[in-house]
Enquirer: 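Here it is: the structure, laid out below.
The figures here come from the full heavy-atom set of this structure, side chains too, leaving out hydrogens, waters and symmetry mates.
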Amino acid sequence: MLDFCRRTFGTKAKAPKAGNPKSKISGKAAQAPRLAPGASLLPQVQRLSRDQHAISRKDISPNALKVLYRLKDAGFDAYLVGGCIRDLLLGIKPKDFDVVTNAKPEQVKQVFRNCRLIGRRFRLAHVVFGREVIEVATFRGHHSGTDDEADTAPKLKTASLSDHGQILRDNVYGTIEEDAERRDFTINALYYSVSDFSVYDFANGIQAIAERKIELIGDPDTRYREDPVRILRAIRFATKLNMQIAPATAAPIPQLAVMLKNIPPPRLFDELVKLLLAGKAFDNFMLMRDTRVLKQLLPQLDKLLKQEPEGKAFQLATKALQNTDERVDADKPVTPAFIFAALLWYPVELRSQTLVTDGLSEIDAMNIAMTEVLDDIQRTIAIPKRFTLSMRDIWALQSRLTKRAGRRAFKLLEQPKFRGAFDFLQLRAEAEGGSLVELALWWERFQFADETDRLQLINQLGKEGIDKGPRRRRSYKRKPTAE
């Protein structure tokens, strides 16, 4: 590693002038020669020595440091990379720590007994320390690069692209500069070395952080086609870090958002959950709507929003997302089931009303509507069954909450999903108003009343809360008379 630094960066850079003491980045980054002149589209690499940045090892996961030092002792180069460095420079506590190295995944596994290899599209090593997992990736190379390892399977040596330019398999290994080129955003092409405690900036990421700008490395059209999920990542980083997407990076999004349909539904669900459960759900939703991304992810909801931009569907969705953000900020539990139930409720209700008009009963119409809407969304977003079952319960209980006469209200309180259904009813009441407000208030009183007051609340309903739907008459066959 020391020889690498001497060859690459030469003499030590001069210390910068004192900067803003509140900033995590002080002064101007020192510049060093490029690794391979003329061979890269990246700007000149910059090196921030230990006295030029505020990253301390005490802010880094001890397990991540173990991985770095053990790889270094085994003769490999290893760096912390990407989001963890970006967050530390911004004064944010990183969610996780990723390591990049010149060691192949199989070599990483030989160094760590607590390591497992995962992935086919991207071959990665996970070093497991109890509940914490340190992800270790090998330097990525260019698609046209070759792998000289004779013992590496051919399918792991080359990249594979779809007809649209999307990366299907990418296990081409290269140098640190090639790896930096393969990073998605400039703010993520930052590397921290434990050999000299320096930060290496390959794509002017330090400047982008200072300017609070989300910018892709390379041609945005090409990078989005390689992996359309970068569209969602750009949105998530912009809201999470309170930054703006650079004009050139934002411009292709509305036209290329349709390529999200090429992403496997399970992966798309995971990425959407990150957008909705990170404490910035409302901001992400509005940005997805403005960039036409929402049309590709939730077409049923997007159709209703086009018909009524500020209607009840919009009101319910935004209130649910704002409520979720408040719960995340308060460190309260949240579930994707409740959010997706709110986002898809009005498509379900609209379909159910159509089926009732066609002659089906209310219960049958609701069951069919739920199935059709969920089957449709599964083609784009693979919502796991454990969440769709909860969504069905919340939806089905909405009509039952209107029927409170006799012992029905008491039985509904015993339902496992009652609390979720009641919270959902309250959101609907805020979005729609009208009779739902009175209904939600009644249930709120009923929950916290004693037995006597509950009976009184039911008696006060009179004919309200009684199922007024037509009842089917039972037909009884006469028993044959004995001869």
Side-chain angles (χ1 to χ4, degrees), residues 269 272-273 275-277 279 281-282 285 298 300-301 304-305 308 310-330 332-353 356 362-363 365-374 376-377 381 383-404 408-448 465 467:
F269 171 79
L272 187 54
V273 165
L275 287 165
L276 299 178
L277 297 184
F282 174 77
F285 176 81
L298 298 169
Q300 305 99 322
L301 175 61
L304 292 179
L305 295 180
E308 294 184 83
E310 303 295 330
K312 58 185 182 180
F314 174 80
Q315 296 298 327
L316 179 61
T318 54
K319 289 182 184 300
L321 296 173
Q322 288 170 340
N323 178 266
T324 299
D325 291 341
E326 291 173 1
R327 293 184 66 85
V328 171
D329 291 340
K332 294 181 179 179
V334 292
T335 172
F338 190 87
I339 300 175
F340 283 110
L343 296 176
L344 297 174
W345 164 250
Y346 287 110
V348 169
E349 186 186 52
L350 182 62
R351 180 56 180 156
S352 176
Q353 291 173 351
V356 169
E362 181 182 316
I363 295 177
M366 176 57 70
N367 286 332
I368 293 174
M370 290 190 294
T371 300
E372 288 182 355
V373 170
L374 288 175
D376 189 29
I377 200 67
I381 304 168
I383 305 176
K385 189 175 182 179
R386 66 182 184 277
F387 297 135
T388 58
L389 290 176
S390 296
M391 293 165 63
R392 284 177 172 271
D393 289 338
I394 291 173
W395 289 336
L397 285 172
Q398 296 308 297
S399 62
R400 293 183 61 185
L401 288 173
T402 64
K403 305 175 180 68
R404 299 157 283 168
R408 291 177 179 177
F410 291 95
K411 291 181 179 179
L412 281 174
L413 279 181
E414 299 173 0
Q415 292 289 329
K417 297 298 181 182
F418 169 80
R419 185 64 198 187
F422 169 71
D423 291 341
F424 192 78
L425 174 64
Q426 285 187 313
L427 284 179
R428 288 179 58 209
E430 294 179 25
E432 294 184 41
S435 60
L436 287 180
V437 176
E438 183 179 348
L439 179 62
L441 182 60
W442 188 93
W443 274 109
E444 186 175 11
R445 292 172 179 170
F446 187 80
Q447 288 180 76
F448 301 105
D467 185 2

Enquirer: Determine whether a donor-acceptor pair (N or O, by modelled atom type, separation under 3.5 Å) exists between the side chain of Arg351 and the backbone of Met370.
Expert: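 It does not hold such a pair.
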Enquirer: Quick one: list whatever passes side-chain hydrogen bond (donor to acceptor under 3.5 Å, both in side chains) with Glu430, sequence neighbours left out.
Expert: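 Checked Glu430 against side-chain hydrogen bond (donor to acceptor under 3.5 Å, both in side chains); zero matches.
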Enquirer: I'd like to check the side-chain contact (heavy atoms from CB on, under 4.5 Å) partners of Ala317; sequence neighbours left out, ordered by chain and number.
Expert: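 If we apply the side-chain contact (heavy atoms from CB on, under 4.5 Å) test to Ala317, skipping adjacent residues, the hits are Phe285, Leu343.
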Enquirer: Short question: side chain of Trp395, backbone of Ala341 - any donor-acceptor pair under 3.5 Å?
Expert: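 Side chain of Trp395 to backbone of Ala341: a pair is present.
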Enquirer: The criterion is side-chain hydrogen bond (donor to acceptor under 3.5 Å, both in side chains); which residues satisfy it with Arg400, sequence neighbours excluded?
Expert: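 Per chain and number, Arg400 pairs via side-chain hydrogen bond (donor to acceptor under 3.5 Å, both in side chains) with no residue.
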Enquirer: Please tell me whether Tyr346 and Glu432 have a donor and an acceptor in their side chains that are separated by less than 3.5 angstrom.
Expert: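 Side-chain D/A pair, Tyr346 to Glu432: present.
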Enquirer: Which atom pairs, donor and acceptor, lie under 3.5 Å between side-chain atoms of residues 384-391 and protein residues at least two apart or in another chain?
Expert:
residue, atom, partner, partner atom, Å
Thr388, OG1, Lys385, O, 3.0
Ser390, OG, Arg386, O, 3.3
Ser390, OG, Lys417, NZ, 3.2

Enquirer: Partners of Thr371 by side-chain hydrogen bond (donor to acceptor under 3.5 Å, both in side chains), sequence neighbours excluded?
Expert: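 Here the qualifying residues are Arg392.
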Enquirer: Please examine the side chains of Ile383 and Pro336, heavy atoms only from C-beta on, and report whether any two atoms are closer than 4.5 Å.
Expert: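 Side-chain contact under 4.5 Å: no.
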Enquirer: Under the salt bridge (Lys or Arg N to Asp or Glu O under 4.0 Å) rule, collect the residues that match up with Lys411, sequence neighbours excluded.
Expert: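 Salt bridge (Lys or Arg N to Asp or Glu O under 4.0 Å) list for Lys411, sorted by chain: empty.
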Enquirer: Taking only residues two or more places apart in sequence or in another chain, which ones pass ring-ring contact (aromatic ring centres under 6.0 Å, His included) with Phe282?
Expert: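 Scan of Phe282 (ring-ring contact (aromatic ring centres under 6.0 Å, His included), adjacent residues dropped) gives none.
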Enquirer: Could you list the residues that satisfy side-chain contact (heavy atoms from CB on, under 4.5 Å) with Val328, not counting sequence neighbours?
Expert: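 side-chain contact (heavy atoms from CB on, under 4.5 Å) check on Val328 returns Thr324, Val334.
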Enquirer: When rounded to the nearest 0.5 angstrom, what is the spacing between CZ in Phe422 and CD in Gln415?
Expert: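 Taking CZ in Phe422 and CD in Gln415, the distance rounds to 16.0 Å.
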Enquirer: Kindly write out the residues that satisfy salt bridge (Lys or Arg N to Asp or Glu O under 4.0 Å) with Glu444, not counting sequence neighbours, or none if the list is empty.
Expert: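 By the salt bridge (Lys or Arg N to Asp or Glu O under 4.0 Å) rule, Glu444 matches no residue at all.
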Enquirer: I need the Leu425 CG to Leu397 CG distance, nearest 0.5 Å.
Expert: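 The CG atom of Leu397 is 10.5 Å from CG of Leu425, to the nearest 0.5 Å.
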Enquirer: Which residues pass the side-chain hydrogen bond (donor to acceptor under 3.5 Å, both in side chains) test with Asp376, not counting sequence neighbours?
Expert: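 side-chain hydrogen bond (donor to acceptor under 3.5 Å, both in side chains) check on Asp376 returns Gln300, Arg379.
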Enquirer: Quick one: does Gln398's side chain have a donor or acceptor within less than 3.5 Å of a partner on Ile394's backbone?
Expert: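 Yes, Gln398 side chain to Ile394 backbone: donor-acceptor pair under 3.5 Å.
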Enquirer: Would a 4.5 Å heavy-atom cut-off, applied to side chains only, mark Ser399 and Met366 as touching?
Expert: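 No; the side chains remain at least 4.5 Å from each other.
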Enquirer: Please check if the side chain of Ser352 supplies one atom and the backbone of Val348 the other of a donor-acceptor pair under 3.5 Å.
Expert: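 The answer is no, because no donor-acceptor pair under 3.5 Å joins these two groups.
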Enquirer: Inspect the surroundings of CG in Leu441 and state if more than 12 heavy atoms from other residues, nucleotides or ligands are less than 6.0 Å away.
Expert: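 More than 12 within 6.0 Å, yes.
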Enquirer: Can you list the residues that meet the salt bridge (Lys or Arg N to Asp or Glu O under 4.0 Å) rule with Arg445, with sequence neighbours excluded?
Expert: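 Listed in chain order: nothing, the list is empty.
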Enquirer: Working to the nearest 0.5 Å, report the span between CD1 of Ile377 and CG of Leu344.
Expert: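 The CD1 atom of Ile377 sits 5.5 Å away from the CG atom of Leu344.
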Enquirer: Just so I know, are the side chains of Leu277 and Ile339 near enough to count as touching, which here means a heavy-atom distance under 4.5 Å?
Expert: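 Sidechains of Ile339 and Leu277: in contact.
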Enquirer: With a 4.5 Å cut-off on side-chain heavy atoms, are Lys319 and Asn323 touching?
Expert: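 No - every pair of side-chain heavy atoms lies 4.5 Å or more apart.
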Enquirer: What residues, two or more places apart in sequence or in another chain, satisfy ring-ring contact (aromatic ring centres under 6.0 Å, His included) together with Trp443?
Expert: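 By the ring-ring contact (aromatic ring centres under 6.0 Å, His included) rule, Trp443 matches Phe418, Phe446.
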Enquirer: Considering all heavy atoms of both residues, which atom of Glu310 and which atom of Gln315 are nearest to each other, and what is their separation?
Expert: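 Here Glu310 and Gln315 meet closest at O-NE2, 3.5 Å.
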